[in-house]
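Order of the sequence lines fixes the chain letters, A, B, ..., with proteins taken first and strands second; residue numbering starts at 1 for each chain.
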Number of protein chains: 4
Amino acid sequence: MSPRTPHQFELIRDEKRNLIMDVALSLFAGNGYHNTTISQISKQAGISKGLMYNYFTSKEELLSEILNRSEAEILSCFDPNRDGYLTEDEFVHFVEKVFQIIRERISFWRLFYQFLLQKDVRENFILTHIADDNPLIDNDSSALFIKQMLSVLRDYFIRKKERMPSDYDPETDMRMFLYTIEGYGLSIIFSDNTDEKAHASTIAKIIDSYK
Amino acid sequence: MSPRTPHQFELIRDEKRNLIMDVALSLFAGNGYHNTTISQISKQAGISKGLMYNYFTSKEELLSEILNRSEAEILSCFDPNRDGYLTEDEFVHFVEKVFQIIRERISFWRLFYQFLLQKDVRENFILTHIADDNPLIDNDSSALFIKQMLSVLRDYFIRKKERMPSDYDPETDMRMFLYTIEGYGLSIIFSDNTDEKAHASTIAKIIDSYK
Amino acid sequence: MSPRTPHQFELIRDEKRNLIMDVALSLFAGNGYHNTTISQISKQAGISKGLMYNYFTSKEELLSEILNRSEAEILSCFDPNRDGYLTEDEFVHFVEKVFQIIRERISFWRLFYQFLLQKDVRENFILTHIADDNPLIDNDSSALFIKQMLSVLRDYFIRKKERMPSDYDPETDMRMFLYTIEGYGLSIIFSDNTDEKAHASTIAKIIDSYK
Amino acid sequence: MSPRTPHQFELIRDEKRNLIMDVALSLFAGNGYHNTTISQISKQAGISKGLMYNYFTSKEELLSEILNRSEAEILSCFDPNRDGYLTEDEFVHFVEKVFQIIRERISFWRLFYQFLLQKDVRENFILTHIADDNPLIDNDSSALFIKQMLSVLRDYFIRKKERMPSDYDPETDMRMFLYTIEGYGLSIIFSDNTDEKAHASTIAKIIDSYK
DNA sequence: GATGAATGAGTATTCATTCAT
DNA sequence: CATGAATGAATACTCATTCAT
């Protein structure tokens, strides 16, 4: 019956924090953020409403923490120490990884696009992530990461020119590739389809079309 | 002061009904349905809250009417009397039309995808629009319309085979085409970008890639 | 096409006034005063909401007019010029009349008892109709009427003593009679039973028991 | 400060639940259900509006719970284990009990008759409680209870025949008895009279007339 | 840490009443 | 006289957040 060490307490805290975030993400994604109540979350997490506020100061902070955690996890899926050079195999792997992450983290993406539909969120997102002249951008790891990834991809498509007919336009091909990726990604996010075969075949076709 | 004629009343009603729906669509799309209050709508429409309920029995019915109206308008944009045969020019026109409608009715699409993110809506949508064995489907003009459109498109891609190398697979090409369309469509819907040049160039590239 | 005379106008007005009151009484009695809206009344009366306020200044005045009209009609059913002497035949006729009026004006009674259940109405009713020291009472024809009727009845029961055993107590018998009358009256008001035979037989038994 | 035990919570809930129901019953009965607002109830109960909904999901459920609680309490007042045989003393006791309960639960009865005045409630009440061919009736304890009580009473009046003249009709006598009971009961319910002497004397007379 | 009772600002909705025509 | 669009105050109900224990 030795008392728990501070470290053990911290572990328990972290575990519960993650449990709450998991439950909340699932509910936010499935029913909408505004349509989900703190009561639902705490009940499903098996804790009292009051305790929620011991872990998160507000519903909004809970959301924010969920988004941060997911973003960190997603970024960590892609090798952060890459050399900036994409082989054909790595390209294939990259496409597969993208869809794997979309499917594994489908709740996150649903939540993400839910907010991307809101004017104020969109404005803030653009301000923070896209605008080049925004002073915040240098501190923003995810915007930086996206930029690097696009740069690596562009490099890949430029090198692909060598294997293609003379009228091949790498920039156009890359844009088509990105739209196709986004299109199929969103068709996954916006549906509940779980047909494994059709999924594998579609990915194979996308890879085949653009590698 | 003679009293207003029934026709005058009807005019007033129609005008105000549409005003309310316009304002509501804009707010629903911009801030989210659950995040938009009747107060906001009525204030922006310049009317009292009570009057809202003279035109719509509930917030939900208002939403429903907006969706119905938009659906009808969108379907009416595509020639309903087509012969089922798509020439190359008509294919080009079709793609242009699709993106024109997405941009003209961007608020509707934002609202539409907002709901498509909700589990229960998705389930109901699939039940009503997709399942082949659903008895409702024959009565559902929009589901029917989508089916017909896909059929006409498939026909187009099959004919395209004649102009293409022998290993050309129409079914795959059509799927890539649809994902690209959806991908670019969603990138429009999920952003506030209004760069006309980039838009025109992208559409031209999509057409060039798939016509 | 001669223009209507002022008298004709007044007739039309009166007719419409009565129509509105009939409709309102029926709805008030069936669904409750607070549960009935001006819209319902005007719709069922076939006029516009605005016109209602041309005939009655408020919902409350409409109620008040209905109660006054019914009270006047009911009082007029009993011969107001009676000599204060009740023969046995007249007693029988009185009992029959009471139940006839209850059934003919059942909506009114339902409305009446609906309000008698409300504390403030009850207090006001008692104040106005019962208290002997209330200065209003002399001006109140209905309270006066009830007093006279009770006096005539009491007289009847006192005379009845001559036909009864020596231990007969007129006052007690009259009270039992009144409770029985009220009990059966209320059982009519509180039910939708329309069994004519049972009704006739019950009245016959009441008359037989107390005449 | 150790946290409250589940038992303590239960005590708080039960107490407050009953407090709310008491206040609500009093207001519903005094001012009418539709005329009573949640604000009034919560103000008089000394709690916030929101807390009401921690105990009852809606105004209607609050009403329903009040009616259920009262019904249970009233039924429990009459000995449920009786042998079906009513002695003269027990008959006297029964009549006294009836009026005692009417007076102790006068708010409930006012609420009850308030609803019995509404068409739809009446229809439903008849459907559920009276109709012999209604399949629900066997499961309905209150309807069953009333049936048993009437049966026991009928038995009493039939036995009474032995003590009465030969032309005595038990069925008629019982109906007069019931109307008298109902009549005096309603005269209590519909008035605020609290004259103890008159009350006692009336009950004595009713008992004397029918025992 | 942990509970859930309690709060109060906010939301959809209703309806008697007014008013321009 | 007649209409129904328009108002606004009131009502039932919700929910993030606080707090005593």
Side-chain angles (χ1 to χ4, degrees), chain A residues 4 9 12-13 16 34-43 47-60 62, chain B residues 1-6 8-13 15-17 34-42 46-60 62, chain C residues 4 9 12-13 16 34-43 47-60 62, chain D residues 1-6 8-13 15-17 34-42 46-60 62:
Chain A
R4 274 180 269 228
F9 273 123
I12 293 173
R13 249 193 99 78
K16 195 147 281 185
H34 291 290
N35 225 4
T36 302
T37 69
I38 295 288
S39 281
Q40 284 168 36
I41 298 169
S42 55
K43 181 172 288 177
I47 61 167
S48 70
K49 260 190 298 183
L51 193 53
M52 284 276 323
Y53 288 85
N54 206 317
Y55 289 95
F56 304 93
T57 62
S58 70
K59 192 186 178 186
E60 209 173 342
L62 170 58
Chain B
M1 300 280 193
S2 57
R4 272 182 274 229
T5 65
Q8 280 175 309
F9 278 126
E10 205 181 323
L11 277 183
I12 292 173
R13 274 194 84 79
E15 216 167 292
K16 198 134 286 184
R17 231 183 112 84
H34 291 291
N35 216 11
T36 302
T37 70
I38 296 289
S39 281
Q40 285 168 34
I41 297 170
S42 53
I47 60 168
S48 68
K49 260 188 299 183
L51 189 57
M52 283 275 327
Y53 290 87
N54 203 323
Y55 290 95
F56 303 94
T57 60
S58 69
K59 191 184 177 186
E60 208 173 342
L62 170 58
Chain C
R4 275 181 268 227
F9 272 122
I12 292 173
R13 251 193 98 78
K16 194 147 280 186
H34 290 290
N35 227 3
T36 302
T37 69
I38 295 288
S39 281
Q40 284 169 37
I41 297 170
S42 54
K43 182 173 286 178
I47 62 168
S48 70
K49 260 190 297 182
L51 193 54
M52 284 274 324
Y53 287 85
N54 205 317
Y55 289 96
F56 303 94
T57 62
S58 71
K59 192 185 177 186
E60 210 173 342
L62 169 59
Chain D
M1 300 277 194
S2 58
R4 271 182 274 228
T5 64
Q8 278 175 310
F9 278 126
E10 205 181 322
L11 277 183
I12 292 174
R13 275 193 81 82
E15 215 168 292
K16 199 134 285 184
R17 231 183 113 83
H34 290 291
N35 216 11
T36 302
T37 70
I38 295 289
S39 281
Q40 285 168 34
I41 297 171
S42 53
I47 61 168
S48 69
K49 260 188 299 183
L51 190 55
M52 281 276 328
Y53 291 88
N54 203 324
Y55 290 95
F56 304 93
T57 61
S58 69
K59 191 184 177 186
E60 207 173 343
L62 170 58

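In this structure, the CD1 atom of Ile41(B) is 15 Å from the C1' atom of dG10(E), given to the nearest Å. One can place CG of Leu11(B) at 14 Å from C1' of dG4(F), the figure rounded to the nearest angstrom. What separates CG of Asn35(C) from P of dA16(E) is a distance of 10 Å, to the nearest Å. To the nearest angstrom, P of dC15(E) lies 13 Å from NE2 of His34(C). Atom CD of Glu10(D) is separated from atom P of dT3(E) by 17 Å (rounded to the nearest Å). When rounded to the nearest whole Å, the span between OH of Tyr53(D) and C1' of dT17(F) equals 20 Å. Across the protein-nucleic acid pair, Met52(D) atom CE and dT7(E) atom C1' stand 14 Å apart, rounded to whole Å.
Here the nucleotide nearest the side chain of Lys16(B), chosen from dA6(F), dT7(E), dA5(F), is dA6(F). Minimum atom distance to the side chain of Arg4(D) is reached by dT21(F), of the listed dA6(E), dA2(E), dT21(F). Of the candidate nucleotides dT21(E), dA12(E), dA16(F), dA12(E) has the atom nearest to the side chain of Lys59(B).
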Open item on the list: Evaluate Asn54(B) against Lys16(B) for side chain to side chain contact (heavy atoms under 4.5 Å, CB included), listing each step before the verdict.
Closed with: CA-CA 10 Å; Asn54(B) 203 323; Lys16(B) 198 134 286 184; over 6 Å; no

TODO: Apply side chain to side chain contact (heavy atoms under 4.5 Å, CB included) to the pair Gln8(D) and Leu11(D), showing each step before the final yes or no.
DONE: CA-CA 5 Å; Gln8(D) 278 175 310; Leu11(D) 277 183; 5.6 Å; no

TODO: Dump the intermediate steps for side chain to side chain contact (heavy atoms under 4.5 Å, CB included) on Lys59(B) and Ile41(B), then the final yes or no.
DONE: CA-CA 10 Å; Lys59(B) 191 184 177 186; Ile41(B) 297 170; 5.6 Å; no

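Within 4.0 Å (heavy atoms only), Ser42(C) reaches no atom of the nucleic acid at all. Note on Thr57(A): nothing from the nucleic acid sits closer than 4.0 angstrom, heavy atoms only. Lys49(C) comes within 4.0 angstrom of a nucleotide base, judged by non-hydrogen atoms across all strands. Residue Tyr55(A) is classed as a sugar-phosphate contact, given heavy-atom separations below 4.0 Å to backbone atoms only. Nucleic acid contact for Thr37(A): sugar-phosphate only, since backbone atoms but no base atoms lie under 4.0 Å from a heavy atom of the residue. Nucleic acid contact for Ile12(B): sugar-phosphate only, since backbone atoms but no base atoms lie under 4.0 Å from a heavy atom of the residue. No contact: Thr5(D) has no heavy atom under 4.0 Å from any strand. Counting non-hydrogen atoms under 4.0 angstrom, Ile38(D) reaches the backbone sugars and phosphates but no base.
If Ser58(B) and Leu51(C) are placed on DNA chain E by their nearest nucleotide, the residue sitting closer to the 5' end is Ser58(B). Residue-to-nucleotide proximity on DNA chain F shows that, of Thr36(A) and Thr36(D), the 5′-proximal contact is made by Thr36(D). The nearest heavy atom of DNA chain E to Phe9(D) and to Gln8(B) marks one nucleotide each, and the one closer to the 5' end goes with Phe9(D). Both Ser48(B) and Gly50(A) lie near DNA chain F, and the one whose nearest nucleotide falls closer to the 5' end is Ser48(B).
The phosphate of dG1(E) (OP1 or OP2) has a side-chain N or O of Arg13(A) nearer than 4.0 angstrom. Under 4.0 angstrom from either OP1 or OP2 of dA5(E) there lies at least one side-chain N or O belonging to Asn54(D).
Counting only Watson-Crick or G-U wobble pairs whose defining distances are both under 3.5 Å, the stems of 3 or more consecutive pairs in DNA chain E are E:2-21 with F:2-21.
The side-chain contact (heavy atoms from CB on, under 4.5 Å) test applied to Glu60(C) returns Tyr33(C), Ser58(C), not counting sequence neighbours. Legend: residues meeting salt bridge (charged side-chain N to carboxylate O under 4.0 Å, His left out) with Arg17(B), ordered by chain and number and at least two apart, are Glu65(B).
Shortest non-hydrogen contact noted between Ile38(C) and Tyr53(C) is CG1-OH, 3.8 Å. What you find for Asn35(B) and Gln40(B) is that their closest heavy atoms are O-NE2, 3.9 Å. Closest of all the heavy-atom pairs between Ser39(C) and Ser42(C) is O-OG, 3.1 Å.
Note: Leu51(D) CG to Lys49(D) NZ = 13.0 Å, rounded to the nearest 0.5 Å.
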